[in-house]
Amino acid sequence: KQEVTQIPAALSVPEGENLVLNCSFTDSAIYNLQWFRQDPGKGLTSLLLIQSSQREQTSGRLNASLDKSSGRSTLYIAASQPGDSATYLCAVNQAGTALIFGKGTTLSVSS
Amino acid sequence: SAVISQKPSRDICQRGTSLTIQCQVDSQVTMMFWYRQQPGQSLTLIATANQGSEATYESGFVIDKFPISRPNLTFSTLTVSNMSPEDSSIYLCSVEAPGEEKLFFGSGTQLSVL
């Protein structure tokens, strides 16, 4: 059974710092992996989707990497801003199942 | 992309009552998904709703407790029936927009059961 783990559960950093959020999964047979951002009262927003054949995807200050063989993904946020404060979720997509989510990392960026 | 309007955004309900959550999508989609997020937990899929057929429920979820309607390709409802405090969660609807693999989510319904 696929399990998705995110470390750390919470992270506090000062504005301007670069940071890395980690996601690991137990079964490497995935189609893709997505990173989402969750804001209170605003649902989830898809940030990046990495296909199983890809190594990384970039969008602005965000860079997500995928090492399928080791079951790991990272989300790199450059030059963090207070507006980046949110909960970040990773989710894997496998054949025959719905997206399987981690519990998320709650990020707080102070000004 | 897809824009999803979900309501209510939050509600406080009494034990034993039922609440119906609505999701409206700005485009026609084949499948709509309903998720639950319990406090401190990850999202768990409740069921997949296809237009014109009965919803498909995941293990641990049953139609009597979570009846779902899908009358057309842009709308769905989820009812949480005979509520207990254990049903206090965030409920989210989600769709996969045509031609895209990304999932788009509604803003969620924060449910508290007293």
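Hydrogens, waters and symmetry mates are skipped; everything else that's a heavy atom, side chains included, is used. By convention in this document, chain letters (A, B, ...) are assigned in the order of the sequence lines, proteins followed by strands, and residues within each chain are numbered from 1. Given the structure is predicted, the values throughout are model-derived calculations rather than measurements.
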Original post:
Any chain of hydrophobic side-chain contacts (each under 4.5 Å) joining B/I46 to B/F75?
Top reply: no

Original post:
Where does B/L92 contact chain A at under 4.5 Å (heavy atoms): side chain, backbone, both or neither?
Top reply: side chain

Original post:
Are A/L49 and B/L103 connected in the hydrophobic side-chain network, where two residues link if heavy atoms are under 4.5 Å apart?
Top reply: no

Counting backbone as well as side chains, what donor-acceptor pairs lie under 3.5 Å between chain A and chain B?
residue	atom	partner	partner atom	Å
A/Q38	OE1	B/Q37	NE2	3.2
A/Q38	NE2	B/Q37	OE1	2.7
A/G43	N	B/S107	O	3.1
A/Q51	NE2	B/E101	OE1	2.2

Original post:
Where is the tightest heavy-atom contact between B/L43 and A/F101, given as atom of each residue plus distance?
Top reply: CB-CD1, 3.7 Å

Subject >> Joint hydrophobic cluster, B/M31 plus B/I68, side-chain heavy atoms closer than 4.5 Å >> reply: no

Original post:
How many angstroms lie between atom CG of A/L99 and atom CG of B/L45, to the nearest 0.5 angstrom?
Top reply: 9.0 Å

Original post:
Using non-hydrogen atoms only, which part of A/L44 is less than 4.5 Å away from chain B: side chain, backbone, both, or neither?
Top reply: both

Original post:
Going hydrophobic residue to hydrophobic residue with side-chain gaps under 4.5 angstrom, can you get from B/V25 over to B/F104?
Top reply: yes

**OP:** Treat each ILVMFWY residue as a node, draw an edge where side-chain heavy atoms are under 4.5 Å apart, and state whether B/F105 and B/I21 are in one component.
**Re:** no

